[in-house]
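Below, all heavy atoms of this structure are taken into account, side chains as well, without hydrogens, waters or symmetry copies. Residue numbers begin at 1 in each chain, while the letters A, B, ... track the order of the sequences.
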Amino acid sequence: MAKIKPSKGAPYARILGVGGYRPTRVVPNEVILEKIDSSDEWIRSRSGIESRHWAGSEETVAAMSVEAAGKAIANAGIDASRVGAVVVSTVSHFAQTPAIATSIADQLGTEKAAAFDISAGCAGFGYGLTLAKGMVVEGSAEYVVVIGVERLSDLTDLEDRATAFLFGDGAGAVVVGPATEPAIGPTVWGSEGDKSDIIKQTVPWDRFHVGDVDELPLDSEGNIKFPAITQEGQAVFRWAVFEMAKVAQQALDAAGITSEDLDVFIPHQANVRIIDSMVKTLKLPEHVTVARDIRTTGNTSAASIPLAMERLLATGEAKSGDTALVIGFGAGLVYAATVVTLP
Amino acid sequence: MAATQEEIVEGLAEIVNEIAGIPVEDVQLDKSFTDDLDVDSLSMVEVVVAAEERFDVKIPDEDVKNLKTVGDATDYILKHQA
Ligand SMILES: CC(C)(COP(=O)(O)OP(=O)(O)OC[C@H]1O[C@@H](n2cnc3c(N)ncnc32)[C@H](O)[C@@H]1OP(=O)(O)O)[C@@H](O)C(=O)NCCC(=O)NCCS
């Protein structure tokens, strides 16, 4: 039998740079209130959200990704030609084929980097990070760009009180590369497919066949509604506050640290009430900086963690070398948590 | 061992105090969670999750809506505790 040469990777991996892109249009709660019976006070108290960004026609999934990833590559101080793989997590790129990652990899100036999309909802960043770490340590890429990007405004039913105020658009990216010491802990991740119905797309794409249109939902003006994200809010909330605090604790345990060792907590920005509840359950000490980027960003799914990370570093609330717990969770249901050293 | 009505109210009072900051003595059988105790629909989910752990009961989402007062919750727990 022929002997196969093993691949050779780095001893460890770390996040070397982060970048974000927020669309220029800021949408305050007042705009949301034009279509639903609600109030600014209700939205703030139930979700923490004051405003979100909505992408314009030029701010495509690819354009936002290239902006965010370009910044992350510059922040990492490497040349794009050394990027061996580009992983894009999104649920709001509306062509099944080809993956949007290939064109992003090209526009970033990589040299034929491996490129693919993943679908892991609001856990997409953690899933991508885990793949990237594996590639760097295993040796199939020296540097990997992980992008979380969403235009959730395209998937929002503005007449649905339960979700209209929740979602935002944007892109966040990191560069993962070799390290001499561990800087990305073990990932605690998984799925609970028995709850695949509690966050989902209203209407699957194949219902848009000619002939089926009579069964499609209509808006108040009688137009066919584009698919949107719908959820059982209370069930999601319960799962998030109860189960995800446990997963976060498992990630700390897996990394061999306690909350005392933590500098920063960056949970998926789904709802400030979920964040506050997790902080309480985890009994995070006062000194831990908690990301609450949701206030002015809304829920941007896969983009929320890297966007929040970038903002905390930009404002000085967190600094390079800090130890951060990140946890993403959402539609699937899926989740992923790990401890990282900030770039 | 199954909890008595008194123990359940006491336990709920501690939970509501922890989650909404309401003094324990204010948590009485006739009090409405939302109107009297500052427990909104999301805090109610947290109360329910904590009560499930404490009293070893399952309170599904569809039943949570019917638990308007501390008395409603107490009766529910009395009837369903393992
Ligand atoms: C969406 C969410 C804020 C809704 O809150 P909720 O408490 O579950 O809302 P409910 O539908 O139970 O409604 C509670 C009350 O508020 C009212 N309400 C609902 N939506 C409202 C709105 N937009 N504005 C004003 N009132 C509203 C309801 O009518 C109800 O009033 P009632 O008790 O008098 O009947 C909450 O469920 C949530 O954030 N869940 C987690 C979702 C999430 O994070 N998803 C993404 C995961 S990746």
Note to self: Non-hydrogen contacts under 4.5 angstrom with chain A: give the residues of residues 22-39 of chain B involved, or none if there are none.
What the structure shows: none
Check: Do any of residues 41-52 of chain B come closer than 4.5 Å to chain A, heavy atom to heavy atom, and if so which ones, in number order?
Finding: B/Ser41, B/Leu42, B/Ser43, B/Val45, B/Glu46, B/Val48, B/Val49, B/Glu52
Note to self: Counting heavy-atom pairs closer than 4.5 Å to chain B, which one of A/Glu232, A/Gln234, A/Arg46 comes out on top?
What the structure shows: A/Arg46
Next item on the list: Would you give the length of the straight line joining atom CG of B/Asp40 to atom CH2 of A/Trp42, rounded to the nearest 0.5 angstrom?
Entry: 8.5 Å
Item checked: For B/Asn17, side-chain hydrogen bond (donor to acceptor under 3.5 Å, both in side chains) partners two or more places apart -> none
Note to self: If the contact rule is any heavy atom under 4.5 Å from chain B, which residues of residues 264-284 of chain A qualify, in numerical order?
What the structure shows: A/Asn271, A/Arg273, A/Ser277, A/Lys280
Margin query: Using a 6.0 Å cut-off, check whether atom CD of A/Glu30 has over 12 heavy atoms from anything other than its own residue.
Written below: yes
Note to self: Could you check whether atom NZ of A/Lys35 has more than 12 heavy atoms from other residues, nucleotides or ligands sitting under 6.0 Å from it?
What the structure shows: no
